[in-house]
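Basis for what follows: all heavy atoms, side chains included, without hydrogens, waters or symmetry-related copies. Model, not experiment: these values are computed from the prediction.
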Amino acid sequence: TDVTYNGVALTKQVSKVATDTTRYSSIWTLVNPATGAHNIVATISGSRKVVGGAVSYTATDVTSIGASASMTQNSGTSATVSVTSTRVNSVVIGVMAAQSDTATTTSAPSTERWNIVAIGGLYSFGATQPTTTIGSYSVTWDDTIHNMDIVSACILEIKGNQQGTIGLTAGANSQKVGKALLADTL
């Protein structure tokens, strides 16, 4: 898999293949992407279902990425992926691929950024959470009606630039974008 934004290659920071190899989650970044509305293009080999989402941030540290982690599980009503942040005023982003349904939700204090389904019940979930201290942060998804089957999840810390509070970019034409992120599910 290769991912580009406006023709520029993104860097894969963390990925995880589920135990049965049918679910795959990854987080990709691009430092200082072009401003304006541009396409994100994922090139996938073979025939696969692909679901993805993207977020963009301002006031990020463009010189280094923070901590990352990943997990997989075969079933359950809850899935959690955790990371230990290395800097205050950062953001953690979590992504999950699962065979699930619309009853799956992102638990507080994380904010759901996307909840997208592909044909056949393959879901992609994305969530973010700001860090206020150095320490452990988790993103959790819960499904109170059904089990989530064959889960793959990743988490990545996006460091703030220490000069202000990291912020979600307001729109496609926002300036001073530090990192663009794409999470994909195969």
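- Side-chain contact between T60 and K159 is absent, with no heavy atoms from C-beta onward closer than 4.5 Å.
- Remark: D61 CG to T86 OG1 distance equals 9.0 Å, nearest 0.5 Å.
- In this structure the side chain of T29 reaches within 4.5 angstrom of the side chain of L156, judged on heavy atoms.
- For the residue pair S85 / E157, no side-chain donor-acceptor distance below 3.5 Å is found, with atom types taken as modelled.
- Between the CZ atom of R113 and the CD1 atom of I93 there is a distance of 8.5 Å, given to the nearest 0.5 Å.
- Within the 3.5 Å criterion, the main-chain N or O of S152 finds a donor-acceptor partner in the side chain of S25.
- Each of V92, T106, V91 was compared with T128 under the side chain to side chain contact (heavy atoms under 4.5 Å, CB included) criterion, and only V91 meets it.
- The distance from atom CD1 of I65 to atom OG1 of T11, rounded to the nearest 0.5 Å, is 8.0 Å.
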*Does the pair S82 and S138 meet the rule for a side-chain hydrogen bond (donor to acceptor under 3.5 Å, both in side chains), with working shown?*
CA-CA 4 Å; S82 302; S138 300; 2.4 Å; yes
Side-chain donor-acceptor distances from residues 66-77 under 3.5 Å, at least two apart:
| unit_1 | atom_1 | unit_2 | atom_2 | d |
| --- | --- | --- | --- | --- |
| T72 | OG1 | V151 | O | 2.7 |
| Q73 | NE2 | S78 | O | 2.9 |
| N74 | OD1 | T19 | OG1 | 2.5 |

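- Not counting sequence neighbours, the partners of V17 by the side chain to side chain contact (heavy atoms under 4.5 Å, CB included) test are T21, Y24.
- Using a 4.5 Å heavy-atom cutoff, the side chains of V14 and W28 are not in contact.
- Judged purely by atom type and a 3.5 angstrom limit, S90 uses its side chain to pair as donor or acceptor with the backbone of R87.
- In this structure the side chain of V8 reaches within 4.5 angstrom of the side chain of L30, judged on heavy atoms.
- To the nearest 0.5 angstrom, K16 atom NZ is 8.5 Å from C154 atom SG.
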*asked:* Would N115 and W141 count as a side-chain contact (heavy atoms from CB on, under 4.5 Å) here? Give the steps.
replied: CA-CA 11 Å; N115 179 337; W141 294 273; over 6 Å; no
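- Judged by distance alone, with hydrogens and angles left aside, the side-chain atoms of N39 form no donor-acceptor pair with the main-chain N or O of V41 at under 3.5 Å.
- Side-chain atoms of W114 and S124 include a donor-acceptor pair closer than 3.5 Å.
- To the nearest 0.5 Å, atom CD1 of residue I27 and atom CD1 of residue I155 are 7.5 Å apart.
- Side-chain atoms of T140 and D142, non-hydrogen and from C-beta on, do get closer than 4.5 Å to each other.
- Evaluation of the ring pair (Phe, Tyr, Trp, His ring centres under 6.0 Å) test over residues 30-53, restricted to residues two or more places apart or in two chains, returns Y5-H38.
- In this structure, the side chains of P130 and T132 stay at 4.5 Å or more apart for every pair of heavy atoms.
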